[in-house]
Amino acid sequence: MGSLALSRAESLDQPAPSIAGEVARIAREDLAPLAAGIDDGSVYPAEVLRKFGAVGAWGSHVPHEGPADLRCAIQAMAAIGEVCGATAFMAWCQNTLVWYAANSTNLKLAKRFGDAFSTGRVLGGTGLSNPMKSFFGIEKLKLRGRKVEGGYIVRGALPWVSNLGPDHYFGTIFEREDNQGIASGEPGTVMFLADCSDPAITLTPCKPFMAMDGTGTYGVQFRDVFVPDELILADPAGPFVKKIRAGFILLQAGMALGLIKDCINIMGEVDSPLGHINRYLPQQPVHFRDLAAELEAETMALARDPYNEDETYWRKVIALRLRAGEASVAAAHAAMLHCGARGYLRSHRAQRRLREAYFVAIVTPATKQLRKMLAES
């Protein structure tokens, strides 16, 4: 019994390298040839996402007997991001979907969807961009719902939700029209799973983006959608969001860490032909290696305890996410300058990395929202 307890403690202290290693292998063998197509929108890598799920990429952060540990999930996402930033973003979408279901107090929902989401048999994403902005006074909630027998009727539209398809699910939030049971008079909110196969939900392709068009990103219209109680993640949503918010943000660090590492690789690849002139550039690979190591160490420390309710912890999470976004842009910018004209070719991944880096800096919570959150916390 003692050895079993020791083994469990050791596994918590050292995230299983086999998962990240298997993810890295699949990324090199199966994902790398698709990266350009995912970037230009001709490929949505559903089968690769399912392969990642089959080796445990989407299940390692599921809480076990209370505690949760995000480190392995972040490391796996970083391995994906080292090859393709768009797929690392889809990995974050899938991981957040798992995170929602795993933390829901709706036990029937957790049982029905938990294994399907965490293994990748069912894919999906997160529609919390608008709600996360609304909670910090940037936007108003775009979905509204009214209570009916056995659930809610929801209407409204979300402009961008990613990692979607006709058989996918995603988590999002609506505002209750009746405010029933809200003693403070503040609008009540409910978080739920949206089923993209519902005929009352319409997925509309977005206008082309500057990068990452193969991420299954759509505008989503809700036309009096019946959301049964079986799909309610949390009612009210507020306490639930407070519980899952640190994990929601920390998981995004995987996108940044993978991208930064590949930008360092790009700079190293051109050192032989261009090192004699690149040494005059102010930012060198060693600077980003040190920065990446620092960011990774801080991420791993915070990722051990995503349910920490201390406000100091929350500020550290926000500050880390801000630094990760800014470091991504800086590393990709440096990689472009190190590559020179060869990086300006459409076929070179340096310019893809630069475009992906801007996404890390603007995806919710964006750089400007993070700065607002820090100023007001």
Side-chain angles (χ1 to χ4, degrees), residues 7-27 30-31 45-84 87-126 128 162-165 167-171 193 216 233 240 243-255 257-258 299-300 302-307:
S7 175
R8 171 65 176 159
E10 288 172 346
S11 69
L12 283 173
D13 189 58
Q14 295 293 331
S18 59
I19 293 178
E22 279 297 287
V23 166
R25 179 188 60 78
I26 295 169
D30 298 337
L31 179 61
E47 291 311 309
V48 177
L49 292 173
R50 291 191 173 94
K51 281 189 176 183
F52 287 141
V55 298
W58 316 140
S60 67
H61 60 308
V62 172
H64 292 288
E65 299 176 1
D69 189 328
L70 309 182
R71 289 177 294 170
C72 184
I74 292 170
Q75 290 173 332
M77 200 185 311
I80 295 168
E82 194 173 344
V83 172
C84 176
T87 306
F89 169 55
M90 289 181 273
W92 173 74
C93 293
Q94 186 73 22
N95 275 326
T96 55
L97 183 64
V98 172
W99 189 235
Y100 302 157
N103 284 286
S104 177
T105 54
N106 185 340
L107 299 183
K108 288 184 178 179
L109 180 150
K111 184 176 182 180
R112 175 183 172 188
F113 292 103
D115 188 60
F117 291 160
S118 65
T119 60
R121 291 200 310 273
V122 176
L123 300 176
T126 169
L128 286 201
S162 299
N163 203 39
L164 298 189
D167 57 351
H168 292 42
Y169 285 79
F170 67 95
L193 286 180
L233 284 160
F240 182 76
K243 180 180 181 181
I244 58 97
R245 65 182 184 179
F248 176 94
I249 292 176
L250 278 171
L251 286 165
Q252 292 182 342
M255 295 189 288
L257 292 172
T299 299
M300 292 298 106
L302 293 171
R304 289 172 177 261
D305 189 19
Y307 296 139

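Note that this is a predicted model, so its numbers are computed, not measured.
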Qualifying residue for side chain to side chain contact (heavy atoms under 4.5 Å, CB included) with His61, from Ile74, Asp69, Asn95: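 Only one of Ile74, Asp69, Asn95 forms a side chain to side chain contact (heavy atoms under 4.5 Å, CB included) with His61, namely Asn95.
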Taking Leu302 as the fixed residue, which of Ile249, Leu250, Leu70 is the one that meets the side chain to side chain contact (heavy atoms under 4.5 Å, CB included) rule?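 Filter result, single survivor: Leu250.
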To the nearest 0.5 angstrom, please state how far the OH atom of Tyr100 sits from the OG1 atom of Thr126.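 So the gap between those two atoms works out to 2.5 Å.
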Let me confirm one number: the CG-CD distance from Leu123 to Glu47, rounded to the nearest 0.5 Å.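 If I round to the nearest 0.5 Å, the distance is 8.5 Å.
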Close side-chain approach of [X] to [Y], heavy-atom, < 4.5 Å:
| X | Y | value |
| --- | --- | --- |
| Ile26 | Ile80 | no |
| Leu109 | Arg112 | no |
| Leu257 | Gln75 | no |
| Asn103 | Tyr307 | yes |
| Phe117 | Tyr169 | yes |

Using atom types as modelled and distance alone, determine if a side-chain donor or acceptor of [X] lies under 3.5 Å from a backbone N or O of [Y].
| X | Y | answer |
| --- | --- | --- |
| Thr96 | Cys93 | yes |
| Ser118 | Gly59 | no |
| Trp58 | Leu49 | yes |
| Gln94 | Val122 | yes |

Indicate the atoms forming the closest heavy-atom contact of [X] with [Y], along with that distance.
| X | Y | value |
| --- | --- | --- |
| Asp30 | Lys51 | OD2-NZ, 2.9 Å |
| Cys72 | Ser60 | CB-OG, 3.6 Å |
| Leu97 | Gly124 | CD2-CA, 3.6 Å |
| Ala102 | Val62 | CB-CG1, 4.2 Å |
| Leu31 | Phe52 | CD2-CZ, 4.3 Å |

Residues which pass ring-ring contact (aromatic ring centres under 6.0 Å, His included) with Phe248, listed by chain and number, not counting sequence neighbours: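 Partners of Phe248 by the ring-ring contact (aromatic ring centres under 6.0 Å, His included) criterion, ordered by chain and then number, come out as Trp92.
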Centroid-centroid distance, Phe240 to Trp99, less than 6.0 Å: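 No - the distance between ring centres of Phe240 and Trp99 does not fall below the 6.0 Å cut-off.
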